[in-house]
2 protein chains.
Amino acid sequence: MHHNTHIQSVELPKSYRLLNHGPTVLVSAKSGDTENVMAASWACALEFSPAKVTVVLDKSTRTRQLVEESGYFALQVPCLAQIDMTKELGTLSLFNEPNKLEQCGTKLFYQDGLDVPLVEGCIAWLVCKLIPEPHNQQEHDLFIGAVVGAWADNRVFRDGHWYFDDADPQLKSLHYIAGGTFYTIGDEVKTDK
Amino acid sequence: MHHNTHIQSVELPKSYRLLNHGPTVLVSAKSGDTENVMAASWACALEFSPAKVTVVLDKSTRTRQLVEESGYFALQVPCLAQIDMTKELGTLSLFNEPNKLEQCGTKLFYQDGLDVPLVEGCIAWLVCKLIPEPHNQQEHDLFIGAVVGAWADNRVFRDGHWYFDDADPQLKSLHYIAGGTFYTIGDEVKTDK
């Protein structure tokens with residue numbers, strides 16, 4: 001169990017909003033005793049209800065193997081406070097660095113009843129059950145998941161909406177470009193059109 | 001031909017960077033004499049080289065029919081100056097509003113040799129050839145395209161990188177949440193990890 005009192009459950013038909021603004025994500029998975037986390041930019045909502053997501057997982061990654069073995073993965077949204085960890089999780093491989101998570105300073109927790117590791121300090125989490133699609137996985141490295149649980153940090157997401165403008169800037173989502181360069185999410189803007 | 005002197009070609013293996021930070025996109029297509037544009041949040045890079053993208057196109061949209069008929073579509077990145085137009089392109093349907101593009105104030109242009117309409121005033125454009133995948137299209141509303149041409153506005157993207165910090169804030173990309181609420185892209189942040 002996790003002791004961050006800011007974690008609040010998000011109703012599944014609104015979980016797409018956690019990804020809709022295009023943040024960089026961390027992908028986590030576990031098989032047997034092996035837990036791993038990688039960074040990914042290519043994750044996207046796929047359906048509102050039942051909630052589904054896509055994520056691209058390269059064949060060179062250990063996390064992909066854990067997803068294929070266990071049939072589960074989580075997507076989570078890291079924040080500016082985690083920029084160094086996010087970059088390192090996307091650079092180091094568990095294949096070469098058996099202590100990858102320790103080196104990256106990544107701490108995991110679990111939600112009751114779900115054997116999928118989640119990363120502490122993120123601002124949103126989506127636990128997903130793999131919908132096996134061998135053609136997409138082999139040909140496109142594309143994995144589809146049904147969202148079975150979703151949570152967010154209520155300092156920045158509550159009642160189905162992000163509130164980045166009012167919160168600590170360190171809680172802003174990250175949007176990766178290339179190299180070591182990210183953008184943070186910016187300001188809320190509205191239209192009545 | 002188009003007379004915006006800021007449009008510069010982007011090499012295809014770097015075209016993923018136009019989408020990597022997760023902006024809301026406009027999807028355009030043409031079949032016969034019918035041109036249309038819709039807004040979409042669920043677009044994503046799929047492969048570096050050969051460059052590929054995914055986009056989710058609901059069965060209720062006219063644009064989807066045009067993509068299926070022509071085998072081509074374009075993704076383009078609208079900017080803050082276009083927030084009202086972007087919202088309206090995502091709300092009105094050509095099925096009900098035969099003058100949709102005029103109502104939305106959307107002006108189109110074409111690049112030489114490509115019969116795919118592009119939206120003036122955007123900050124990046126990717127012309128894509130549909131890779132037909134009947135299962136993905138029917139079951140998931142998921143369309144995969146090979147990028148055959150890419151361009152960006154060199155006031156905000158040049159030499160393979162975004163430069164939002166130095167540019168007119170009206171040229172910032174939009175990141176849709178729900179209702180009439182978007183976020184703009186924020187500040188560049190770097191890590192040397």
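Below, chains carry the letters A, B, ... as their sequence lines are ordered, and counting in each starts from 1. The shown structure was predicted, so the numbers you read here are calculated from the model rather than taken from an experiment.
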**Q** Classify the ring geometry of B:Tyr183 against A:Phe164: parallel below 30°, tilted from 30° to 60°, perpendicular beyond 60°.
**A**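 Ring orientation, 0 to 90° scale: perpendicular.
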
**Q** Can you tell me which portion of B:Leu18 sits under 4.5 Å from chain A's heavy atoms? Options are side chain, backbone, both or neither.
**A**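 Looking at B:Leu18, nothing touches chain A.
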
**Q** Would you say that A:His175 contacts B:Ile185 through its side chain, given a criterion of any heavy-atom pair below 4.5 Å between the two side chains?
**A**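 Yes, their side chains come closer than 4.5 Å.
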
**Q** I'd like to know if the side chain of B:Asn20 and the backbone of A:Tyr176 have a donor-acceptor N/O pair within less than 3.5 Å.
**A**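 Such a contact is found between B:Asn20 side chain and A:Tyr176 backbone.
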
**Q** Answer yes if B:Leu142 and A:Val147 sit in the same cluster of Ile, Leu, Val, Met, Phe, Trp and Tyr residues linked by side chain heavy atoms under 4.5 Å apart, and no otherwise.
**A**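 Different clusters.
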
**Q** Using 30° and 60° as the class limits, which term best fits the ring planes of A:Trp42 and B:Phe48: parallel, tilted or perpendicular?
**A**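 Tilted, since the angle between the ring planes falls between 30° and 60°.
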
**Q** Mind ranking A:Ala43, A:Ala45, A:Pro23 by heavy-atom pairs under 4.5 Å with chain B and telling me who comes out on top?
**A**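 Top count of heavy-atom pairs under 4.5 Å with chain B: A:Ala45.
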
**Q** Which bit of B:Leu174 comes within less than 4.5 Å of chain A, counting heavy atoms only: side chain, backbone, both or neither?
**A**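 Contact with chain A is through the side chain of B:Leu174 alone.
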
**Q** A:Val56 versus chain B, heavy atoms under 4.5 Å apart: side chain, backbone, both or neither?
**A**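 Only the side chain of A:Val56 comes within 4.5 Å of chain B.
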
**Q** Highest number of heavy-atom pairs under 4.5 Å with chain A: which of B:Leu46, B:Thr181, B:Leu80?
**A**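 Looking at each of B:Leu46, B:Thr181, B:Leu80 in turn, B:Leu46 comes out on top.
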
**Q** Chain A heavy atoms under 4.5 Å from B:Thr184: which part of the residue, side chain, backbone, both or neither?
**A**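 B:Thr184 touches chain A through backbone and side-chain heavy atoms alike.
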
**Q** Would you say B:Tyr110 and B:Val10 are hydrophobically clustered, going by side-chain heavy atoms of ILVMFWY under 4.5 Å?
**A**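 No, it is not one cluster - the side chains of B:Tyr110 and B:Val10 are not joined through contacts under 4.5 Å.
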
**Q** Rounded at 0.5 Å granularity, tell me how far CZ in A:Phe182 sits from NZ in B:Lys190.
**A**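 Reported to 0.5 Å precision, the distance equals 11.0 Å.
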
**Q** Is A:Leu92 linked to A:Met38 within one hydrophobic cluster, defined over Ile, Leu, Val, Met, Phe, Trp and Tyr using a side-chain heavy-atom separation of less than 4.5 Å?
**A**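 No; A:Met38 is not reachable from A:Leu92 via cluster members.
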
**Q** Quick check for you: among B:Thr54, B:Ile144, B:Thr24, which has the greatest number of heavy-atom pairs under 4.5 Å with chain A?
**A**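 Between B:Thr54, B:Ile144, B:Thr24, the count favours B:Ile144.
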
**Q** May I ask you to name which of A:Lys52, A:His161, A:Glu88, A:Lys172 has the most heavy-atom pairs under 4.5 Å with chain B?
**A**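 Winner by heavy-atom pair count: A:Glu88.
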
**Q** For residues A:Thr191 and B:Lys87, is any side-chain donor paired with an opposing acceptor at under 3.5 Å?
**A**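 Per modelled atom types, A:Thr191 and B:Lys87 side chains form no pair under 3.5 Å.
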
**Q** Going by heavy atoms in the side chains, are B:Met85 and A:Lys193 under 4.5 Å from each other?
**A**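 A side-chain contact is absent here, since even the closest heavy-atom pair is not under 4.5 Å.
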
**Q** Relative to chain B, which segment of A:Asn136 carries a heavy atom at a distance below 4.5 Å: side chain, backbone, both, or neither?
**A**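 Only the side chain of A:Asn136 comes within 4.5 Å of chain B.
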
**Q** Look at B:Arg17, B:His135, B:Glu188 and state which one has the largest set of heavy-atom pairs under 4.5 Å with chain A.
**A**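 Counting heavy-atom pairs under 4.5 Å, the top option is B:Glu188.
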
**Q** Which answer fits B:Tyr16, side chain, backbone, both or neither, if we ask what part of it has an atom under 4.5 Å from a heavy atom of chain A?
**A**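 Side chain only.
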
**Q** Nearest 0.5 angstrom please: B:Glu47 CD to A:Asp58 CG, how far?
**A**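 Separation between the atoms: 9.5 Å.
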
**Q** Kindly work out whether a path of hydrophobic side-chain contacts (I/L/V/M/F/W/Y, heavy atoms less than 4.5 Å apart) joins A:Ile177 to B:Val77.
**A**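 Per the 4.5 Å side-chain linkage, A:Ile177 and B:Val77 are co-clustered.
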
**Q** Taking a hydrophobic cluster as the set of Ile, Leu, Val, Met, Phe, Trp and Tyr residues connected by side-chain heavy atoms closer than 4.5 Å, whether directly or through intermediates, do A:Val37 and A:Leu75 fall within one such cluster?
**A**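 Different clusters: A:Val37 never reaches A:Leu75 through Ile, Leu, Val, Met, Phe, Trp or Tyr contacts under 4.5 Å.
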
